[in-house]
Amino acid sequence: MSEQVRVRFAPSPTGYLHVGGARTALFNWLFARHTGGKFILRIEDTDAARNTEAAMQAIYDGMRWLGLDWDEGPLAGGDCGPYHQSERGAIYERHAQKLRDSGHVYADENGALRFRLPRQPIVFEDLVCGRIEVDRSKSQNRDGSPEADMTIRRADGGWIFHFVNVADDIEMKITHVIRGEDHLSNTPKHLELFAALGATPPRYAHIPLILNKDGTKMSKRDQGASVDGYIEAGYVPEAVRNFLCLLGWSPKDDREIMPISEVIERFDPAQINRKAAHFDLEKCDWVNQQYILQMPLEKLADQVEPWLKKAGIIFGTRAEMLPVLALVRERLKKLSDAPAWMDYFFTGDFPFDAEAVAKVLSKPAALDHLRKLTAAYAGLGEWTAAALETSLKSQATVAGVKVGEFVHPARIGATGRSVGASLYHTLEVLGRDRVLARFARALAKLSASN
RNA sequence: GACCCUAUCGUCCAGUGGCCUAGGACAUCGCCCUUUCACGGCGAGAACACGGGUUCGAAUCCCGUUAGGGUCGCCA
């Protein structure tokens with residue numbers, strides 16, 4: 001049992017990477033990393049019609065984003081290439097010839113090559129599903145007719161999935177096939193193919209499918225179905241990966257937010273759940289938020305920066321941006337939320353939220369409070385959150401009003417809106433000059449319109 | 001229709017014959033913190049699909065029913 005584990009993810013280029021596929025890739029990758037084996041990427045593009053470069057790119061991008069690096073495959077090389085099935089015709093022809101020589105295949109009336117299904121009872125041990133027994137002689141079509149022999153090559157010469165899949169698993173010395181449960185019923189056929197080719201089949205682990213939260217099938221358009229949807233929505237890749245790890249697998253204790261190294265260490269395919277998982281995007285959002293909350297600030301800044309730039313925010317240096325990010329990070333559910341929480345820190349020319357102004361700043365008393373606060377803050381000795389708070393509260397006391405009568409006008413004056421991080425910390429980060437300028441701007445604008 | 005897989009709170013997971021008056025997490029609701037919004041803390045409601053067995057004892061084992069999913073392509 002010193003044999004090195006070799007697993008593969010074998011997607012067909014459909015134009016996007018489905019979460020189900022991503023999880024299959026992830027489990028294969030985890031198993032390879034756990035065992036010190038090899039993770040191979042093989043592109044199953046025998047159907048030339050949908051074989052496009054863009055579709056392939058979506059797979060590479062999605063896997064790289066999730067941090068699933070492959071040891072062999074396109075762009076990585078390896079001894080068992082090429083790794084696109086469209087380029088492996090000669091290899092398939094060789095295996096087909098073997099089947100012809102042994103009488104396992106024949107050309108049908110249309111010119112397609114068919115494999116004589118033995119239709120013998122078959123038993124195999126699945127790492128996830130356990131012992132599977134199938135009486136192949138009972139298989140029949142919808143209309144009750146017996147199952148037809150399996151086509152392995154079309155009349156036009158194109159190879160068929162089942163055959164190339166098996167041929168490649170032999171050629172690439174695959175030891176474990178971890179794939180979606182939709183292939184469980186195909187496995188007996190594959191086993192028959194392995195036997196006919198005189199090869200030892202790999203071990204199988206069929207993982208349950210991912211369905212929508214309501215139990216319906218997940219299709220491309222469903223929320224959360226496509227990996228690039230996560231990229232575009234501003235999810236943290238490590239968070240999505242963590243969430244996917246927990247869909248159908250668990251470390252058997254209550255650990256949820258885990259570094260990938262811990263998952264690799266503890267991962268065991270035999271522990272994968274047998275039940276189909278229903279996809280809950282809200283939980284994924286929570287995991288994402290936990291990552292935003294817990295990752296080192298500098299790292300978060302790396303991930304947030306592209307979003308700020310995309311929103312056209314000029315945030316100056318990293319040193320100027322970090323305190324702002326530290327202040328608002330617990331409000332971010334996604335990276336894409338950052339601009340909305342951070343933009344007003346970096347420009348004094350922000351708009352005033354009409355509703356907030358109507359509710360609090362339109363009152364003459366509110367403007368008066370803002371004037372008093374401006375005077376107090378202009379003479380404030382130490383510009384710290386604590387000092388700002390003390391000063392504001394004493395102004396309220398002197399004026400004989402509740403603290404809120406000062407807090408709300410100040411917030412709107414300094415930020416233009418009624419919600420945000422702690423007022424005093426916001427003012428501290430902004431600094432005296434900017435705060436006073438903003439108060440003056442608000443007073444000028446709103447006094448004029450009063 | 002045939003064959004295969006599955007069945008614990010709305011959802012994700014724990015539970016592998018007694019520790020279960022079933023545990024954790026997300027979501028929901030309430031309270032606290034906070035004169036904003038969040039974060040955080042505390043608490044509540046919420047499940048073993050149904051029916052038969054086996055056993056001194058079943059969420060856990062067996063059978064059936066029901067329900068969901070999958071396969072049965074010259075798609076992958």
Side-chain angles (χ1 to χ4, degrees), chain A residues 10-14 21 44-47 49-50 85 108 110-114 126 128-130 132-148 150-162 164-165 179-189 206 208-209 211-217 243 246-257 273-287 289-290 292-293 327-333 337 341 356 360 393 396 402-408 410-412 415 417-423 426:
Chain A
S12 107
T14 55
E44 307 225 327
D45 55 353
T46 51
D47 184 5
R50 43 173 140 158
Q85 290 188 328
D108 69 9
N110 297 316
L113 206 56
R114 284 183 183 266
D126 190 276
V128 175
C129 301
I132 308 289
E133 277 178 83
V134 188
D135 184 353
R136 303 273 295 130
S137 64
K138 289 198 285 193
S139 297
Q140 56 181 240
N141 296 321
R142 253 173 282 268
D143 60 8
S145 61
E147 185 179 5
M150 167 171 59
T151 303
I152 67 165
R153 197 190 63 192
R154 294 178 209 127
D156 68 5
W159 298 98
I160 296 297
F161 162 74
H162 302 287
V164 294
N165 189 269
R179 61 183 5 174
E181 198 191 69
D182 48 336
H183 288 304
L184 187 61
S185 299
N186 290 148
T187 304
K189 286 190 213 169
H206 287 91
L209 271 15
L211 307 174
N212 285 315
K213 193 172 178 179
D214 64 4
T216 56
K217 267 177 281 186
F243 173 71
L246 263 19
L247 213 51
W249 175 84
S250 94
K252 305 300 177 197
D253 53 25
D254 292 332
R255 294 277 289 153
E256 293 201 306
I257 307 298
N273 221 296
R274 294 183 179 198
K275 189 177 63 170
H278 293 199
F279 191 82
D280 186 1
L281 198 61
E282 282 176 329
K283 178 116 186 198
C284 183
D285 286 351
W286 175 78
V287 173
Q289 189 174 27
Q290 293 306 305
I292 288 176
L293 240 28
L327 198 54
V328 305
R329 76 142 94 188
E330 67 203 28
R331 266 146 268 258
L332 309 181
K333 282 186 102 66
D337 294 336
W341 287 103
V360 316
K393 283 181 172 168
K402 284 191 275 186
V403 179
E405 298 294 316
F406 274 79
V407 168
H408 299 307
R411 176 184 298 288
I412 297 167
T415 71
R417 58 195 83 176
S418 56
V419 294
S422 148
L423 173 67
T426 298

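Within the 4.0 Å cut-off from OP1 or OP2 of B:A76, not a single side-chain nitrogen or oxygen of A:Asn186 is found. A close approach under 4.0 Å does occur between a side-chain nitrogen or oxygen of A:Arg154 and OP1 or OP2 of B:A76. For the pair A:Gln289 and B:C39, the criterion of a side-chain N or O lying under 4.0 Å from OP1 or OP2 is met. Proximity of A:Ser185 to the phosphate of B:C4: no side-chain N or O atom is located under 4.0 Å from OP1 or OP2.
Residue A:Ser422 is classed as a base contact, given a heavy-atom separation below 4.0 Å to a base. At the heavy-atom level, A:Asp285 lies nowhere under 4.0 Å from the strands shown. Counting any heavy atom pair closer than 4.0 Å across all strands shown, A:Glu256 reaches a base atom. Counting non-hydrogen atoms under 4.0 angstrom, A:Gln85 reaches nothing in the nucleic acid. Within 4.0 Å of A:Lys402, counting heavy atoms only, lies at least one base atom of the nucleic acid. When heavy atoms are screened at a 4.0 angstrom cut-off, A:Thr151 is found touching the sugar-phosphate backbone but no base atom. If you check every strand for non-hydrogen atoms under 4.0 Å, A:Ile152 touches nothing. Among the protein residues, A:Gly144 comes within range of no part of the nucleic acid, since none of its heavy atoms lies under 4.0 Å from any strand.
Nucleotides B:A22 and B:G40, compared at atom C1', are 28 Å apart to the nearest Å. Using C1' as the reference atom, B:G15 and B:G23 are 8 Å apart when rounded to the nearest Å. Distance check on atom P: B:G68 versus B:U16 gives 31 Å, rounded to whole Å. Only the P atoms considered, B:C75 is 45 Å distant from B:C50, to the nearest whole Å.
Nearest nucleotide to the side chain of A:Ala112, out of B:C74, B:C5, B:A14: B:C74.
Using N1 to N3 plus N6-O4 or O6-N4 for Watson-Crick, or N1-O2 and O6-N3 for G-U wobble, each under 3.5 Å, B:A7 pairs with B:U66.
Both A:Leu423 and A:Lys283 lie close to RNA chain B; mapped to their nearest nucleotides by heavy-atom distance, the more 5′-ward contact belongs to A:Lys283.
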